[in-house]
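Just so you know, these numbers use all the heavy atoms, side chains as well, and skip hydrogens, waters and symmetry mates. Below, chain A is the first sequence line, B the second, and so on; all start at residue 1.
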Amino acid sequence: MLELRDVTFSYEDAGPTLKDVDLLLPDGELHLVCGRTGSGKSTLLGLFNGLVPHFTGGLLDGDVLVDGSSIVGTPPRELAHLVGYVPQDPAAGFVSDVVEDELAYGMEQLGLDPQTMRRRVEETLDLLGIADLRRRSPRTLSGGQQQRVAIGAVLTMHPRMLVLDEPTSALDPTAAEDVLATVARLVADVGLGVVVAEHRMERVVPFADRLVVVEHGHVRAGEPADVLRDSPVAPPLVELGRLAGWDPLPLTVRDARRRSAPLRERIGPAPVRGPRRPVGAPVLRADGVCVDYRRHRAVDSVDLTVRSGEVVALMGRNGSGKSSLLWALQGGVRRAAGRVAVGPDALDPAGLAPVAARAQVGLVPQTASDLLYLESVDDECAAADAHTDGADGRCRALLDRLAPGIDGDQHPRDLSEGQRLSLVLAIVLTAAPRLLLLDEPTRGLDYSAKTQLADILHAQAAEGRGVVVSTHDVEFVALVADAVVVMAEGEVVSAGDVGKVLAESPAFAPQTAKVLGPGWLTVADVAGASS
Amino acid sequence: MTSRLTPRSALVLGVASLAGLVMFLWPLFVQPAAGATRVDQPFIFMALLPIVVLVVVAELTEGGMDAKALAMLGVLTAVNAALRPLGAGTAGIETVFFVLVLAGRVFGPGFGYVLGCTSLFASALLTSGVGPWLPFQMMCAAWIGLGAGLLPRRVTGRAEVAMLVVYAVVAAYAFGMLMNLSSWPFQLGIAVPGSDQTLQLVPGDPVGENLHRFLLYNLLTSTWGWDTGRAITNALLVGLLGPAVLTTLRRAARRARYGEPAVEVADR
Amino acid sequence: MLAVVGAVVSVVVVARRGDAPWALSYRFYVYFALFVVVLRVVYRIVLGGGAVEGETVLIHLPEIPLPEVARGIQLLGDVTAVSLLGALYDGMRLAAIILCVGAANSLANPRRLLAAVPPAFYEVGTAVVVSLSVFPQLAESVQRVRRARRLRGDAGRGVRSLRRVVVPVLEDALERSMTLAAGMDARGYGRTGGATAAQRLVTGGLMLGGLGALCVGAYAYLDGTAPRVLAGPVLVVGVLLAAAALRSAGRRVRRTRYRPDRWRPAEVLTALCGVVVAVGVDRAFDLDPYVVVPDLGSWPTVSLPVLLVVLVGVLPAVLTPPPATDVAGPSSHDPSDRDPSDHDEGEVPRARAA
């Protein structure tokens with residue numbers, strides 16, 4: 001059981017991040033913590049095991065209790081047996097290079113005897129269904145497997161509570177489903193209390209017993225259906241429920257579907273989707289693109305055409321070749337075969353010098369911060385202008401449009417996730433490329449930031465650019481894309497209009513489509529039809 | 001581990017460095033017993049030096065090591081180990097001291113010492129370069145890290161970078177010379193009655209004579225090749241990348257907040 | 001004799017190595033050992049030296065005169081059989097050590113060695129483990145950043161453009177180290193009561209005493225005129241004190257080990273073989289020095305007892321279970337990739353005695 005009593009917390013030289021928080025999280029339930037980006041979710045999570053303030057610094061006032069005893073001033077290590085904490089990127093937290101040793105690590109620190117350790121390792125391997133991975137190196141596992149190993153590594157210490165920071169943010173829909181099912185089983189069978197912070201609420205809400213909303217430093221908790229009524233962030237399903245005036249709000253797709261008959265009657269048949277904006281001549285023609293990594297073919301004969309004014313979403317499991325394809329189109333990764341032609345002159349960016357290639361194809365990589373190497377935002381902008389002819393101040397102007405109000409003296413690494421993405425996007429757009437590629441840009445963004453990003457991409461397309469976005473985020477695709485290409489094992493398995501492709505695949509259907517049937521992609525579609 | 005050495009750690013470090021120096025410089029001082037038929041000092045020292053290195057490492061981490069310092073040590077060790085093979089074999093380009101010097105400067109002498117040891121050890125494990133020379137290399141690298149941490153704190157800005165460049169050059173030559181000194185008796189043999197050779201160690205000769213011979217050996221074999229290459233690369237790297245890397249490391253050090261508790265709890 | 005040592009080590013390696021990367025590195029050590037021998041002989045020829053009247057001269061080379069600064073150097077000159085043989089034997093002695101260490105390196109799993117470090121080095125051992133596991137990520141990070149450079153239209157080369165790779169990689173690595181630290185702390189790393197003031201005092205005293213004894217012993221050992229009591233015995237005392245200090249320093253770590261490596265009969269046997277060889281050769285030296293350090297004038301001899309003693313070293317190759325090569329890798333919990341290393345640790349002093 002976790003309890004916060006009248007807690008106020010502030011980082012140095014800043015107003016309070018959390019104000020007068022009273023919160024009680026009982027065992028045996030799954031608590032979902034949600035809120036806008038930067039609202040203090042991670043701070044709240046860190047308080048439960050002492051990482052805040054021990055690792056972050058800052059001023060804590062009030063009392064934090066675990067199972068009734070105060071833990072204020074206790075460092076995280078002394079709480080390891082009470083609260084199991086799994087950080088956002090599990091791969092960065094692995095200590096050893098064998099799964100089994102990783103599971104045993106925490107117990108070694110507790111000083112448990114070898115028999116107990118052996119027994120708990122076996123139990124945990126079975127409980128999480130990772131027994132066949134026991135001798136593998138955790139770093140070679142897939143994202144979902146890594147997440148489960150990381151959960152197992154804290155479970156072996158038999159904590160009373162499990163705290164997970166964005167456990168599914170890097171996972172594709174299927175892997176996320178697996179991890180959440182495992183977590184739900186821990187709650188149901190073991191009676192563990194679990195606290196999950198997650199931006200993609202649509203994934204977790206069906207499993208949650210209680211919802212904790214963090215907003216402007218204040219915290220509210222309660223039954224999901226009650227709290228969601230006016231929460232600042234809500235999954236599309238809830239938005240739909242609010243629109244239709246359902247009470248109580250639906251939390252699962254099945255629930256919503258049962259009640260959707262009147263709404264369906266009112267809005268009529270699904271709209272025939274025209275193009276969002278006029279599309280022009282193709283800016284990208286790729287034929288038979290292949291990419292090899294050592295003996296393994298990452299991309300296998302992919303054909304792709306992107307027209308100016310079009311936003312294409314690239315979907316598929318982790319490791320299906322999306323990133324490799326984007327890099328091959330940009331020319332940063334060598335193609336084993338195939339042709340790439342960009343723009344009216346049919347230039348191949350792989351054959352161009354970097355400066356010229358940049359004017360044809362811009363790419364925002366998955367770890368956007370790889371591009372940043374200077375000490376202030378202004379320096380980065382100046383460097384971007386210097387690499388482009390006659391672009392004085394263009395980068396800063398773009399940045400102000402994308403994310404207004406960033407202090408130019410700030411260190412780029414101190415920016416928030418969304419601000420940093422905007423900075424990198426501005427740097428890339430300084431060269432005014434014909435084709436804009438983005439690799440997983442929605443990590444760590446909340447619903448409104450995603451909507452904002454979608455608007456930015458629409459604006460880019462409207463200026464005549466072709467845009468390709470690779471992402472796992474089905475709801476974002478529904479929001480942004482005109483066409484969808486689904487990849488598996490390096491090959492294109494389906495491609496076409498966004499409505500058609502998303503409706504065809506059960507794994508990729510957005511919530512609105514699941515409730516109202518194919519053709520309805522976003523809540524905005526429904527709002528347009530019902531007004 | 002803190003960025004400052006406790007008096008006790010400093011004492012242990014001092015005595016250990018003395019012992020280490022003896023084990024490097026023995027060829028210059030050795031006085032054979034009358035009628036000795038074999039000289040096995042080098043082999044004994046090969047076994048003893050690791051003990052000296054280990055005792056100091058144990059002392060520096062004796063108070064227990066904070067998770068942040070440990071993670072920082074691990075990651076910087078990996079960086080150094082990764083830098084090492086970059087230069088191996090190509091005309092004496094040796095990049096390993098560059099991060100070591102800068103990290104020693106930012107995180108202090110104790111950290112520098114341990115980082116020197118772990119860097120060489122990890123890179124030996126990764127490149128399968130474990131050999132009898134490893135303890136000597138570890139000791140030398142540890143001294144370099146330690147020395148970087150002991151440089152005057154007050155120097156900042158351009159002067160600081162200039163100071164570090166000079167230090168890197170000195171360290172590069174000193175490293176080469178000490179490593180040569182440790183291998184000299186092996187490469188050229190030790191004079192025993194009956195096998196006579198020029199340039200080799202003659203036990204019992206005056207220090208000056210042996211030193212002269214050694215310096216010639218050093219000059220002939222490596223000063224112009226590897227040592228100079230190493231000095232130039234390190235000086236260039238420290239001079240050009242130093243400011244940026246120092247900023248990066250200092251940012252990290254601020255976040256990690258060595259030595260002092262990062263906790264403030266308001267009175268309740 | 002030294003050649004026999006080399007052969008024995010090689011047989012053990014070939015018979016009992018796994019197929020992990022470090023196991024394949026023995027070849028490198030063999031080359032390096034050969035290189036050392038050749039280098040030693042070449043130095044002897046180039047730097048020439050003191051041909052004594054009446055010895056067999058193999059090659060006549062002109063002696064090159066050098067200025068006064070280089071006094072003591074003699075370039076080229078007559079090469080005699082004795083001086084060549086001397087160089088050869090010296091080179092082989094070093095080569096034998098390299099082979100022994102190389103064998104230990106190629107037979108032992110470095111990660112398991114790290115898992116077996118005494119508690120006093122728990123922190124540093126963990127740091128090395130962390131660095132070994134961060135290493136591949138670092139390579140990946142460098143690759144990513146190099147690729148990303150292209151996105152900024154940056155084709156620059158040279159040291160200046162290195163900054164564009166070094167800074168993001170370093171930032172990335174340091175950020176990761178903070179995440180890792182948080183993760184480790186949250187999982188209980190470092191939750192030890194710490195040592196009492198008295199314990200720390202004992203540890204410090206032992207350390208200083210040990211180091212001091214080592215210093216004195218080493219100096220006395222070098223100075224042949226110092227009393228012998230100060231040499232060997234003081235060195236031994238120094239080593240013992242240092243060991244006690246490490247033990248004492250290790251007591252603060254309260255931690256258990258999952259699936260610790262245990263000494264099984266095979267391991268004990270191998271270690272024993274190594275000790276037998278080392279002690280045997282040392283005895284042999286006292287009885288008949290010329291077996292170990294051959295007389296330069298005559299054909300090297302090998303006495304039967306010494307040969308037998310050295311051949312004991314081959315036993316582990318036959319008596320220990322072969323490594324399970326199919327699972328060789330960091331995960332292998334197979335005893336045989338540990339025991340030969342113990343064996344070779346025994347062999348190093350043997351070569352030292354030789």
Student: Under 4.5 Å from any heavy atom of chain C, what part of A/Leu371 do you find: side chain, backbone, both or neither?
Tutor: both
Student: What is the minimum heavy-atom distance between A/Leu326 and A/Leu438, and which atoms define it?
Tutor: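 Closest heavy-atom pair between A/Leu326 and A/Leu438: CD1-O, 3.6 Å.
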Student: Which region of A/Thr367, side chain (C-beta onward) or backbone (N, CA, C, O), has a non-hydrogen atom less than 4.5 Å from a non-hydrogen atom of chain C, or is it both or neither?
Tutor: side chain
Student: Considering non-hydrogen atoms only, spot the tightest contact between A/Glu375 and A/Asp379 and give its length.
Tutor: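 Looks like N-OD2, 4.4 Å.
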Student: Would you mind telling me which of A/Pro138, A/Gly106, A/Ala92 has the largest number of heavy-atom pairs within less than 4.5 Å of chain C?
Tutor: A/Ala92
Student: Examine whether an atom of A/Glu380 lies under 4.5 Å from a heavy atom of chain C, and if so say whether it belongs to the side chain, the backbone or both; otherwise answer neither.
Tutor: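 Both backbone and side chain.
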Student: For chain C, which of A/Ile427, A/Val364, A/Thr430 has the most heavy-atom pairs under 4.5 Å?
Tutor: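 Highest number of pairs under 4.5 Å: A/Ile427.
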Student: Can you tell which of A/Arg139, A/Met157, A/Met107 has the highest number of heavy-atom pairs within less than 4.5 Å of chain C?
Tutor: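 Maximum pair count with chain C is reached by A/Arg139.
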Student: Please classify the contact of A/Val428 with chain C as side chain, backbone, both or neither, using a heavy-atom distance under 4.5 Å.
Tutor: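 Answer is neither: A/Val428 stays 4.5 Å or more from chain C.
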Student: Do you know which two heavy atoms are closest between A/Tyr373 and C/Val167, and how far apart they sit?
Tutor: O-CG1, 3.6 Å
Student: Which atoms of A/Leu352 come close to chain C, meaning under 4.5 Å heavy atom to heavy atom: side chain ones, backbone ones, both, or neither?
Tutor: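 Backbone of A/Leu352 only, per the 4.5 Å heavy-atom cut-off to chain C.
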Student: When only pairs under 4.5 Å are counted, which of A/Arg413, A/Gln330, A/Gln88 shares the most heavy-atom pairs with chain C?
Tutor: A/Arg413
Student: Any idea which of A/Pro75, A/Gly331, A/Ala91 has the most non-hydrogen atom pairs under 4.5 angstrom with chain C?
Tutor: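 Looking at each of A/Pro75, A/Gly331, A/Ala91 in turn, A/Gly331 comes out on top.
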Student: Minimum heavy-atom separation for A/Leu415 and A/Gln410, please, with both atom names.
Tutor: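 Scanning both residues completely, I find the closest heavy atoms to be CD2-OE1, 3.5 Å.
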Student: Please tell me if the side chains of A/Leu437 and A/Leu435 come closer than 4.5 Å, counting only heavy atoms from C-beta onward.
Tutor: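 Contact flag for A/Leu437/A/Leu435 side chains = yes.
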Student: Going by atom types alone, do C/Ser141 and C/Arg176 pair a side-chain donor with an acceptor below 3.5 Å?
Tutor: no
Student: Select one option (side chain, backbone, both, neither) describing which atoms of A/Leu363 are under 4.5 Å from chain C's heavy atoms.
Tutor: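 A/Leu363 touches chain C through backbone and side-chain heavy atoms alike.
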Student: Go through the atoms of A/Ala150 and report whether side chain, backbone, both or neither lie under 4.5 Å from a heavy atom of chain C.
Tutor: neither
Student: May I ask you to test the A/Leu423-A/Leu372 pair for a side-chain heavy-atom distance under 4.5 Å?
Tutor: yes
Student: Could you pull out the closest heavy-atom pair between C/Leu180 and A/Phe94, with the gap in Å?
Tutor: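 Result for this residue pair: CD1-O, 3.6 Å.
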Student: Can you tell me which of A/Leu112, A/Val361, A/Val83, A/Val154 forms the most heavy-atom pairs within a distance under 4.5 Å of chain C?
Tutor: A/Leu112
Student: Could you tell me which non-hydrogen atom of A/Thr74 sits nearest to which non-hydrogen atom of A/His54, and how far apart they are?
Tutor: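 Shortest heavy-atom separation between A/Thr74 and A/His54 comes out as O-NE2, 3.3 Å.
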Student: By a 4.5 Å heavy-atom criterion (distance strictly below it), what part of A/Val121 contacts chain C: side chain, backbone, both, or neither?
Tutor: side chain
